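Everything on this sheet refers to the single structure shown next.
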Amino acid sequence: MRREIVINAAGHETRVAILEDGKLVEFMHERAEQERMVGDLYLGKVEAVLPGIQAAFVDIGSEKSAFLHASDLRERDEDDDEEESGNGRGRRYPAIQDVVSRGQEILVQVTKEPIGTKGSRVTSQVSLPGRFLVYIPHSSHVGVSRKIEDRDERARLKKLGREILGEGNGGIIIRTVGEELTREAFEQELKSLRKSWDKVQRRARSMKAPALVYQEAKLTSGIIRDLFTEKVDLLTVDAPEVAQEVRSYLGQVSPELLDRVKVYRDSKPIFDAFGVEDELRRAFQRKVELPSGGHIVIDPTEALVAIDVNTGRYTGKKDPAETILRTNMDAAREIARQLRLRDIGGIIVCDFIDMDEQEYRDRVLHEMKTHVGRDRARSKVFGISELGLLQMSRQRVRPSLYQAMTQPCPVCGGTGRVLSPETVVRRIERAVRRAGTSGESRDLTVRVHPEVALYLLEEEPAFLHQLREEAGIALDIRDDPLMRVDEFRLLASPADQDVTSRYAVA
């Protein structure tokens, strides 16, 4: 598989695209006014302690207080990469009120950015990531990434880690890129991370909460540190100064990758040249076409993300079971890609087309797990039920692409639906009848969207005349393109006083 990283840094925002075999699978962006928070260290002040939910709220200087759960006060013991595994269910933690108190200053690290109405989530178990290692000052654990599967290599790295760390000098997790790590590189990076930790402590002692103590690497730097490994065939960037920064960093840690950095100099925008812009436009659509001719429909809701699979125009040849299997296999691959591309997190329910054979359900499940396994975000995939439903969860660190780059429609309020012209006309009819019954207004003008006015003209031409007769009101209709499709205004003459609220009821 060919992997490429494409960076568009020539503009007011930095955008990073990750391609696998020419297809966009991950997208990240950073704007000056929307800085990333994950990994940042803050000196916070505890605002409230809530024993009932085993949590505390911490003021870190942001708009909303950060959420600190009792589980985030505990040391990590997993053999894993830089992010904590699981959700901690079934474990016992110290009572939150026994560990923190209101008004206490505490050093915390952001693990999840604010999403929707919720503030950020933080932990007091600080970790500082490097290219090969993650240094955990308050732990004594030596861990190895699960993605390093060779047992002998895992044992070697653990032994090396214990020898170099010494007693009482923190803990480490050796990252995937640290496979075959040499002692010299190990010691050099550990020394650098410890210096960073000493600097953090000095700054925290000199500051007053709430305050930002340490800021995680920016988007491009973080991508190079975390993702640009020997598994990436090419990195292309359209800003020469960024390319120089990348080369300078690689020259110190991975000089063998220097020849894989390329500066894009064509006049055509870099994302257009790589086909990324078209893929991004499709990433905001509900419907995603499949190679077989079927399609999936992605619907985010408050509680979960629902994904529906349909055969669409694909009808197969003879065997309907084979038609369904092929569509579901295509869908499994595309769903895994869309979850990465759109950065969808939380609970996800996929409604595959019903399969009678257990063998077919197992094949689709295996295909799903295989492709989800390429995802950097931690995911759990459960079995497919007899109804064809597959439940899974995916780690959520920041708002999805959909949440970060869109806002609720001011017309429909984010529902995606508005009242039909016929329904609006029926509401107008009821409002005018109320006005006639009240006897207060005898001359009304109704302002509506042009689409509603056109409906009346073409579908109900006798509407105005009949309503005037029945309500006993002089009635006129005016179209107003500035109005929403599903709203109307009742204006009473002679001063065109707005009386809509007096007579209009849902």
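These numbers were taken from a predicted model, which means no experiment stands behind them.
Shown here is Lys118, whose NZ atom has no more than 12 heavy atoms of other residues, nucleotides or ligands within 6.0 Å. The local environment of OH in Tyr402 is sparse, with at most 12 non-hydrogen atoms from other residues, nucleotides or ligands closer than 6.0 Å. Remark: Ile347 CD1 is loosely packed, at most 12 non-hydrogen atoms of other residues, nucleotides or ligands lying under 6.0 Å away. The number of heavy-atom neighbours closer than 6.0 Å to CZ of Arg417, taken from other residues, nucleotides and ligands shown, is 12 or below. For Glu216, the CD atom counts as densely surrounded, since its 6.0 Å shell holds more than 12 non-hydrogen atoms of other residues, nucleotides or ligands. At most 12 heavy atoms of other shown residues, nucleotides or ligands fall within 6.0 angstrom of atom CD in Gln407.
With a 4.5 Å cut-off on side-chain heavy atoms, Met368 and Leu390 count as touching. Between Arg363 and Leu325 the shortest side-chain heavy-atom distance falls below 4.5 Å. A 4.5 Å side-chain heavy-atom check between Arg175 and Asp226 finds at least one atom pair inside the cut-off. Within the 4.5 Å cutoff, the side chain of Leu280 has heavy atoms near those of the Phe271 side chain. For the pair Phe274 and Thr236, the minimum side-chain heavy-atom distance is below 4.5 Å. Between Asn310 and Ile353, the closest side-chain pair of non-hydrogen atoms is not below 4.5 Å. In this structure, Leu341 and Gln338 have side chains that are in contact, with non-hydrogen atoms separated by less than 4.5 Å. Met37 is listed as a side-chain neighbour of Ile60, based on a closest heavy-atom distance under 4.5 Å.
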Candidate pair Val418 and Arg484, rule side-chain contact (heavy atoms from CB on, under 4.5 Å), full reasoning: CA-CA 9 Å; Val418 295; Arg484 300 199 316 256; over 6 Å; no
Full working for salt bridge (Lys or Arg N to Asp or Glu O under 4.0 Å) between Arg426 and Glu460: CA-CA 11 Å; Arg426 299 286 76 79; Glu460 299 188 35; 3.0 Å; yes
Full working for side-chain contact (heavy atoms from CB on, under 4.5 Å) between Asp152 and Arg156: CA-CA 6 Å; Asp152 292 338; Arg156 183 188 76 84; over 6 Å; no
From CA spacing to verdict: side-chain contact (heavy atoms from CB on, under 4.5 Å), Val16, Ile5: CA-CA 7 Å; Val16 178; Ile5 297 176; 3.9 Å; yes
CA sep, side-chain torsions, deciding dist, call: Met329, Arg333, side-chain contact (heavy atoms from CB on, under 4.5 Å): CA-CA 7 Å; Met329 294 287 276; Arg333 290 187 286 270; 4.1 Å; yes
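With hydrogens and angles disregarded, a donor-acceptor distance shorter than 3.5 Å links the side chain of Arg131 to the backbone of Arg225. Under a 3.5 Å cut-off, the side chain of Ser254 and the backbone N or O of Leu250 do not form any donor-acceptor pair. A donor-acceptor pair is defined here as one N or O able to donate and one able to accept, closer than 3.5 Å; such a pair exists between the side chain of Gln109 and the backbone of Gly39. Listed for the Asp479 side chain is no donor-acceptor partner under 3.5 Å among the backbone atoms of Ala453. Side-chain atoms of Arg342 come within 3.5 Å of backbone N or O of Ala283 as a donor-acceptor pair. A donor-acceptor pair is defined here as one N or O able to donate and one able to accept, closer than 3.5 Å; no such pair exists between the side chain of Arg394 and the backbone of Ile348. Judged purely by atom type and a 3.5 angstrom limit, Ser400 has no side-chain atom pairing as donor or acceptor with the backbone of Ile344. Here the side chain of Arg154 pairs a donor or acceptor atom with the backbone of Ser145 at under 3.5 angstrom. Side chain of Arg247 to main chain of Val261: a donor-acceptor pair is present (N/O by atom type, distance under 3.5 Å, no hydrogens or angles). Remark: the backbone N or O of Glu230 is paired with a side-chain donor or acceptor of Arg260 at under 3.5 angstrom.
The two atoms that bring Val381 and Leu365 nearest to each other are CG1-CD1, 3.8 Å, heavy atoms only. The shortest heavy-atom contact between Gly161 and Phe186 is CA-CZ, 3.5 Å. Scanning all heavy atoms of the two residues, the minimum distance from Val485 to Val452 falls at O-CG2, 3.5 Å. Scanning all heavy atoms of the two residues, the minimum distance from Ala336 to His371 falls at CB-CB, 3.6 Å. Residues Lys287 and Glu289 come closest through the heavy atom pair CE-OE2, 3.3 Å. Minimum heavy-atom separation, Arg265 to Pro240: NH1-CG, 4.3 Å.
One finds the CD1 atom of Ile18 at 7.0 Å from the CZ atom of Arg340 (value rounded to the nearest 0.5 Å). Distance CD1/Ile224 to OH/Tyr249: 9.0 Å, rounded to 0.5 Å. In this structure, CZ on Phe463 lies 13.5 Å from CG on Leu457, to the nearest 0.5 angstrom. One distance of note links CD1 of Ile115 with CD of Gln403; it measures 6.0 Å at 0.5 Å rounding. In this structure, CD1 in Ile335 is found 9.0 Å from CE in Met392, a value given to the nearest 0.5 Å. With rounding to the nearest 0.5 angstrom, the CD1 atom of Ile7 is 15.0 Å from the OH atom of Tyr264.
Classification of Arg427 and Asp486 as a salt-bridged pair fails, no side-chain N sitting under 4.0 Å from a carboxylate O. The residues Lys262 and Glu4 are annotated as not salt-bridged, no charged nitrogen and carboxylate oxygen being separated by less than 4.0 angstrom. Salt bridge status for Glu113 with Arg36: absent, with no side-chain N to carboxylate O gap under 4.0 Å. We find that Asp21 and Lys23 are not joined by a salt bridge, their nearest charged nitrogen and carboxylate oxygen being 4.0 Å or further apart.
In the model, Gln358 has a side-chain atom that pairs as donor or acceptor with a side-chain atom of Arg361 under 3.5 Å.
When the options Leu133, Val134, Leu41, Ile136 are evaluated for a side-chain contact (heavy atoms from CB on, under 4.5 Å) with Leu128, the one that passes is Leu41. Between Arg337 and the choices Glu26, Glu279, Glu20, the salt bridge (charged side-chain N to carboxylate O under 4.0 Å, His left out) rule is met once, by Glu279.
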